[in-house]
Amino acid sequence: MSLADAPPRGPLTGRPYQVSTVRHQTHDIVTIDVRPEQEPIAFQPGQFDMVYVYGVGEAAISISSDPATPGLLSHTIRAVGWVTKALNDLQPGATIGIRGPYGRPWPLDEAAGRDLVIVAGGIGMAPVRPAIAYALRERERFGRVVLLVGARSPRDLVFRDDLERWDADRSIDVHTTVDSAVRGWSGRVGVVTKLIPRVPFDPENAVVLVCGPEVMMRFSAQSLLARGVPAERIFVTLERNMKCGVGTCGHCQLGPLFLCRDGPVFAWPEVADLMEIREL
Amino acid sequence: MDGAQLADPVVIAVDELGTLIGTLRGDGYRVIGPTVRDGSILHGELHELSDLPRGWTDEQAPGTYRLQRRDDEALFGYAVGPSSPKRELFPPRQRLWTATSDGDASFHVTQERHESARIAFLGVRGCELAAIAVQDRVFLQGAYQDEVYVAHRSDVLLIAVECGSPAGTCFCASMGTGPGVTEGADLVLTELLDGEHRFLARAVTEAGAELLAALERGEPTHHDITAREQVIATATAGMGRELDTDGLHDLLLGNLEHPRWDDIADRCLACTNCTLVCPTCFCTTVEDTTDLTGANAFRDRRWDSCFGLEFSHAGPASVRSSTKARYRQWMTHKLATWIDQFGTSGCVGCGRCITWCPVGIDITVEADAIRRASDPGAT
Ligand code: SF4
Ligand code: SF4
Ligand code: FES
């Protein structure tokens, strides 16, 4: 890696980083760590990077590590296309290209002095994990911190060790559920949105971060609104095809929004109507 | 550039245009302008006056384009062809960078250097100037400046020619981008065909004034001035199409589930022609390849189209899998959400998408259909 003599880089040119650890989290989800000592990437919870596999291509990937340790940068990836499959097959020692961070982060300052509720489905844990890390470190800034986690089955749960650690820690209220149980699962069964009416937090004084499949986010928003959370304090993070990350390739549009530039995090009123329209 | 005052007009003889081309070439500019090629008016390099399409005009209608002889010697007696300055300023394919393997599972990246090219566009129309201004907003006025666009755009001269012969698919008058030109160019010419064949010329920028200063110029008569006004008035009255933009943004975004979208989808082939000829469309995709040995990997960027199924591919499927959704995306982007994003319409009324649509789908007709069907009182 010759970084010293690298020519000036524009926003579309990534930088090579060596992969230090590869953690296989489920059959199709992997977390890849790099340790950018020389060129740490400062980011805020909820932002994403464009991650490149040599000769294969690039994909937009949420940053899933703790923003307080920029010397350890993690990306959590589900294998769905060429690039993400190639990322799932990487070995430690491989080099990937990274450019970023991009996008509007979670509004954690807005949650200060309020209850912070986080609803994550499946790989939706990835973009909220930095927010949880932040909330744990700045615990006294928030009222209750509640995490609702759902996955299709126990084997689809990501960051299980974290969930256990946070649960044991007790400074955060963790509720985990799976859509369908298997033998050996003693936890809750049912979709994560069903937990929303029951868990203790103050709806009128909470900020809620939601990340998961679009249907799950729509149902979550409905339950949260029904419970009395003001719409403008519900935040979701959206996903689309992204080629540039900087608002010029046009791929990530949703109505007037460029998800890469205006999002990926949005307050519910910004996207509620747009999400109602099929194939928009 | 914008907002500059038009200097007092002067009159130049037709042959002076040849001198102008020579001067520009002598100054190291590639002069790009209209030429006749493959049965249409296409942008090409101009070496001399005779490269311009003398005595030609175009007949354009939905799905139809035909060159025809004029009964005069007009050099600019036609509207826009399928190509636009976009091809030069934001080329269809661009290398972004090359990654070179260091052999030990690592690589380094070398960004492509984009040399800035001196380009003088001759014969740019009002709609095309407006389209350049739109792309300037997209590529220069956001949080990041696009390096490729910057390189191609930074040393450009724009010599406009006001339109005297709009085509059957033109509607620049509705979009406020033509046929007359008041801003966005360095020099504005109007071809006058009554009596002696001549041009009225007005410098807009200092660069334009310098170009004029090198030519033989005459004082315009009162008749020359009114002749120009007549050209613009005739062209304005001769627009082949019209688009009512009043409230169009809200109208379209309020009708995202309108049955007309299904009707269009029955006709649209999703061929992507409309996006490729549109002078403002800016969407791109990237392609990653390696050489045979794998020692070098390349990243290229190329024009893309929202009509492609791959365009909205996310996760396992496309968000916009139906043609209906893709046409709706295109048209609402052009006429509505573009305004939210960039403070300007994405349509300049050039009519290319209408002419070059193989099945003649007409953006003005479709917008009008939605307006009529949503407001029964409309006539
Ligand atoms: S949408 Fe059609 S008429 Fe409007 S600028 Fe593009 S090609 Fe021209
Ligand atoms: S509107 Fe016409 S030009 Fe555009 S994609 Fe459809 S068939 Fe092709
Ligand atoms: S990813 Fe290119 S515009 Fe958003």
Side-chain angles (χ1 to χ4, degrees), chain A residues 1-3 5-19 52-58 60 78 80-84 90-91 93-97 213-214 239-258 261-262 273-274 276-280, chain B residues 96-97 99 101-102 104-113 138-139 142-147 149 253 256-257 281-290 294 296-299 301 304 306 310-316 318-322 324-326 328-329 332-333 336-341:
Chain A
M1 253 188 285
S2 56
L3 293 176
D5 59 352
R9 279 167 314 110
L12 299 177
T13 307
R15 191 187 283 278
Y17 292 89
Q18 198 178 36
V19 172
Y52 168 75
V53 183
Y54 185 82
V56 179
E58 204 179 43
R78 188 151 71 100
V80 280
W82 286 111
V83 180
T84 48
L90 284 184
Q91 304 293 324
T95 300
I96 55 176
E214 277 198 21
E239 213 186 326
R240 290 246 155 157
N241 194 352
M242 292 190 184
K243 297 293 182 194
C244 72
V246 298
T248 60
C249 79
H251 279 258
C252 66
Q253 289 175 81
L254 172 66
L257 307 170
F258 287 103
R261 183 192 76 183
D262 305 324
D273 290 348
L274 299 171
E276 286 298 314
I277 312 254
R278 281 191 56 222
E279 291 194 57
L280 191 63
Chain B
L96 293 179
W97 46 258
S101 165
D102 296 329
D104 52 350
S106 75
F107 59 84
H108 64 274
V109 182
T110 312
Q111 186 172 323
E112 192 76 10
R113 283 188 200 282
V138 174
F139 292 126
Y144 299 90
Q145 293 206 328
D146 189 88
E147 292 138 40
Y149 190 78
L253 297 187
L256 293 173
E257 305 280 21
C281 273
F282 59 82
C283 289
T284 54
T285 189
V286 285
E287 284 175 1
D288 292 281
T289 51
T290 56
N296 294 291
F298 311 100
R299 163 156 285 217
R301 179 168 67 170
D304 201 3
C306 55
E310 277 295 302
F311 187 86
S312 61
H313 205 87
S318 282
V319 174
R320 297 183 205 106
S321 56
S322 70
K324 163 190 166 175
R326 284 178 261 156
R328 181 180 64 189
Q329 166 61 25
T332 55
H333 190 212
T337 53
W338 207 294
I339 298 168
D340 302 305
Q341 296 168 346

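Nothing here was measured: the structure is a model prediction, and the numbers come from that model.
Chain B forms the most heavy-atom pairs under 4.5 Å with one residue out of A:V80, A:V56, A:L280, and that residue is A:L280. Interface check for chain B: of the options A:G255, A:G247, A:C249, the most heavy-atom pairs under 4.5 Å are formed by A:C249.
Counting only N and O atoms by type, the side chains of B:Q329 and A:E279 include no donor and acceptor under 3.5 Å apart.
Put simply, the side chain of B:E147 reaches to within 4.5 Å of the side chain of A:P11, judged on heavy atoms.
Under a 3.5 Å cut-off, the side chain of B:W338 and the backbone N or O of A:P256 do not form any donor-acceptor pair. Although no hydrogens or angles enter the test, the distance criterion places a donor-acceptor pair under 3.5 Å between the side chain of A:H251 and the main chain of B:T284. Judged by distance alone, with hydrogens and angles left aside, the side-chain atoms of B:D340 form no donor-acceptor pair with the main-chain N or O of A:L257 at under 3.5 Å. For A:Y54 (side chain) and B:S106 (main-chain N/O), no donor-acceptor pair under 3.5 Å exists by modelled atom type. One N or O on the side chain of A:N241 and one on the backbone of B:H313 form a donor-acceptor pair closer than 3.5 Å.
The residues B:R299 and A:E58 are annotated as salt-bridged, a charged nitrogen and a carboxylate oxygen being separated by less than 4.0 angstrom.
Looking at B:A99, the atoms closer than 4.5 Å to chain A (heavy atoms on both sides) sit in the backbone and in the side chain alike. Only the side chain of B:Y144 has a heavy atom closer than 4.5 Å to any heavy atom of chain A. Looking at B:S321, the atoms closer than 4.5 Å to chain A (heavy atoms on both sides) sit in the backbone and in the side chain alike.
The ring pair (Phe, Tyr, Trp, His ring centres under 6.0 Å) search around B:F139 returns B:F90, B:Y149, not counting sequence neighbours.
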